[in-house]
Amino acid sequence: MRRRSRTICLSLAFITIFLHLLLALTSLSIYHQPCDPPPPPRTDILRVLAHTSYTSVGVGRGPAEPPTDTLQRHFSNKDAKRGAKGHIQTLSDKGWSVKGGENASISLAGGVGHHDSNQAEPLESDLSKLEALFDHPLYNIPSPAVPEEDWLLKVKPKVKAIEKSSQMWVSASQEAYEDVQWTSDSNSHPPWLRFHLNISRWQLYLHRDPNMEPLTQQLATHRIVSAVQKSGGTQLKLVMSFPNYGQAMLKPMKQERDEETNYNLYYFSDFERHNAEIAAFHLDRILGYRRVPPVAGRLVDVVKEIKDITTDRKLARTFFTSPVGNVCFYGQCSYYCSTEHAVCGRPRHLEASLAVMLPDLSLASRRTWRSPWRRSYSRSKLAKWETEPDYCSTVKKTPPYDKGTRLVDFMDMVILDFLMGNMDRHHYETFEKFGNNTFLLHLDNGRAFGRHSKDEPSILAPLEQCCRIRRSTWLRLRLLSLPQYRLSDVMRASLFSDPLHRVAPLLSEPHLAALNRRLKTVLETLIRCQNACMSVYFPQASLSL
């Protein structure tokens, strides 16, 4: 009997040890996996990169991170080593003067504004944080070269002598446009053309793209030879043309930066803001998306650069001089195109955002997709996702969200919109050439940054309902929550490079503080998703920030 009881006790002990080991292995597996079974991972490089000054918590491994060409198609590694002093030197080369140490201020000879030197964080410190962020391994993940079929546009390698005359770029007017001849050599291309040729399946531009500086400088300073109103849309927009055949979309200043959206105004009736378009480009780049076309601020002469050169008769008829001597115009559109909502210079200078135009639709057609979480745009009706808590399960079974990267790409856009407070994302676009396996274009961000005192939790509904996010996005969000990479600080530093910053900060300090608060909300939402997933297997387990 003693031998039998001893055998039974040993057996029970071995069984207990085995069950504990099995429980531990299961716990580790669940900790790194979403509730839904993910696709097989491509590589564990992100897990290695996550071992930095923080502890990463995986919410779910999304599809593999889009590749970025390590050769970067004419990319120079020297550009990746610029420090904060390099940023200041760049601004000095453009005519800016930077004085002082920690309490630095900036000025422009003959400028129209003054920048307050009493900043929440010293300028050089913020610039150093931004440079350190872009040097971090999470922003420099090595990847294979981009295949030829993954570039949006191509340049013909050779042109026969017989065809040469018809293939040359010839100016339409010697007075307005430059007489240029472009070849297959990228050095002969203007910045806007280099931007178009560097668009790939995964992004609009490269992480350390040396073309960004000349491109944004062209938007801010190049001579404007034509201005016409863009058709479509609900509010006034102009298409501006440059002598080198580049084009940009102009959105004018309609209200002061610090003026918040009226609480009684519906989101679909809100003004579009020029500074929101600029800030959206910088935030999109800081998040590592690179899906917003480059935007720069500019002081436009309403008379010289719009009224005197426009060939749009309908637009020309809407110019007038206000009682105080300001030159105004209002154009023709669905909303806010009337004398009561006119756009006015001070007296002739008008703040505006200029976004580089994407390739013409005849060269690179785009497909428009209706957002599954589109709002009802009604004052009384609710959308389907607002009444069905399990709405995401239906979306995940519907093409193109049932496979590929589309769902996690959509979540990237949701996070961007929540940080900006943008409720107006009813549609999005993709390039048709790449089918369903490509990134989403983050266009039309003018209704963002309307309120800093109130967050809109309904924007995060897709993330809360689906609990899916790309792992690299999750790691970058955690990185931006750390003091050494604080989102508000790197955003302030990034916006400092825009020409309109000399007039006034493009985002007020309350808006910058709201970015930190909203980032914390996003991270808390993801933690709740992880806890909900773990509670299915371990009711006592929980995670926290």
Side-chain angles (χ1 to χ4, degrees), residues 86-98 106-115 127 130 176-178 189-196 204-205 209-227 230 237-254 257 272-285 292-306 309 343 345-346 348-358 445-446 491-507:
H87 285 273
I88 298 176
Q89 181 63 41
T90 299
L91 296 173
S92 301
D93 293 340
K94 295 180 181 179
W96 298 69
S97 62
V98 183
I106 61 172
S107 61
L108 180 67
V112 297
H114 174 71
H115 176 69
L127 291 174
L130 180 63
Y177 293 90
E178 298 172 354
H189 301 159
W192 66 265
L193 181 57
R194 290 200 294 269
F195 165 68
H196 286 180
L204 283 175
Y205 57 93
D209 192 343
N211 187 49
M212 280 298 103
E213 184 178 335
L215 179 59
T216 53
Q217 186 176 10
Q218 172 186 297
L219 294 173
T221 62
H222 217 38
R223 182 167 60 94
I224 298 173
V225 298
S226 174
K230 186 180 185 302
K237 297 182 288 289
L238 303 180
V239 176
M240 318 300 281
S241 298
F242 302 114
N244 62 3
Y245 297 92
Q247 288 187 323
M249 183 181 296
L250 179 145
K251 288 191 177 182
M253 178 179 182
K254 291 199 172 182
R257 292 171 174 75
E272 290 187 350
R273 301 167 192 81
H274 72 301
N275 62 313
E277 292 285 356
I278 300 169
F281 162 64
H282 287 263
L283 180 59
D284 177 87
R285 185 169 63 107
V292 173
V295 187
R298 178 168 178 155
L299 276 176
V300 178
D301 189 317
V302 176
V303 176
K304 183 180 177 181
E305 297 180 310
I306 301 179
I309 63 175
V343 175
R346 297 181 181 179
R348 290 173 47 163
H349 287 94
L350 173 67
E351 284 189 38
S353 66
L354 272 78
V356 64
M357 298 286 282
L358 293 173
N445 303 290
M491 188 68 174
R492 185 187 298 108
S494 186
L495 291 172
F496 172 78
S497 64
D498 189 87
L500 283 185
H501 185 86
R502 73 183 187 267
V503 180
L506 286 160
L507 285 183

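On a predicted model such as this, the values are computed, not experimentally measured, just so you know.
Side chain of Asp284 to main chain of Val292: a donor-acceptor pair is present (N/O by atom type, distance under 3.5 Å, no hydrogens or angles). Within the 3.5 Å criterion, the main-chain N or O of Gly446 finds a donor-acceptor partner in the side chain of Glu277. Distance alone, capped at 3.5 Å, is enough to place a donor-acceptor pair between the Arg502 side chain and the Pro499 backbone.
Atom OG of Ser353 and atom CG of Leu250 lie 6.5 Å apart (nearest 0.5 Å). Within the model, atoms NZ of Lys254 and CZ of Arg273 stand 11.0 Å from one another, a figure rounded to the nearest 0.5 Å. Here Thr216 contributes atom OG1 and Asn211 contributes atom CG; the two are 9.0 Å apart, rounded to the nearest 0.5 Å. Distance check, rounded to the nearest 0.5 Å: CG of Leu215 to CG of Asp209 gives 8.5 Å. How far NE2 of His189 is from CZ of Arg194: 9.0 Å, rounded to the nearest 0.5 Å. From His282, atom NE2 reaches atom OG of Ser497 across 5.0 Å, with rounding to the nearest 0.5 Å.
By the 30° and 60° cut-offs, the orientation of the rings of Phe496 relative to His501 is perpendicular.
Legend: residues meeting side-chain hydrogen bond (donor to acceptor under 3.5 Å, both in side chains) with Arg298, ordered by chain and number and at least two apart, are Glu305. Ala279 pairs by the side chain to side chain contact (heavy atoms under 4.5 Å, CB included) definition with Phe449, Met491, Leu495, Leu507, not counting sequence neighbours. Ser226 meets the side-chain hydrogen bond (donor to acceptor under 3.5 Å, both in side chains) test with no other residue; sequence neighbours excluded. The salt bridge (Lys or Arg N to Asp or Glu O under 4.0 Å) check on Arg348 picks up Asp301, with sequence neighbours excluded. The side-chain hydrogen bond (donor to acceptor under 3.5 Å, both in side chains) search around Asn275 returns none, not counting sequence neighbours. The side chain to side chain contact (heavy atoms under 4.5 Å, CB included) check on His196 picks up Leu153, Trp192, Pro359, with sequence neighbours excluded. Annotation: side-chain hydrogen bond (donor to acceptor under 3.5 Å, both in side chains) contacts of Glu351 (sequence neighbours excluded): Arg257, His274. Take Tyr205 and apply the ring pair (Phe, Tyr, Trp, His ring centres under 6.0 Å) test, not counting sequence neighbours, and it matches no residue.
Taking both residues in full, the closest heavy atoms of Val295 and Ala355 are given as CG2-CB, 3.7 Å, listed atom of the first, atom of the second, then distance. Nearest heavy atoms, Gly297 versus Asp498: N-OD1, 2.9 Å. Of all heavy-atom pairs spanning Pro293 and Phe281, the tightest one is O-CD1, 3.8 Å. Nearest heavy atoms, Gln218 versus Phe242: NE2-CD1, 3.7 Å. Across every non-hydrogen atom of Val302 and Ile306, the tightest pair is O-CB, 3.3 Å. Closest heavy-atom contact between Asn445 and Ala276: O-CB, 3.6 Å.
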request  = Could you please spell out the steps behind the side-chain contact (heavy atoms from CB on, under 4.5 Å) verdict for Tyr245 and Glu178?
outcome  = CA-CA 8 Å; Tyr245 297 92; Glu178 298 172 354; 5.8 Å; no

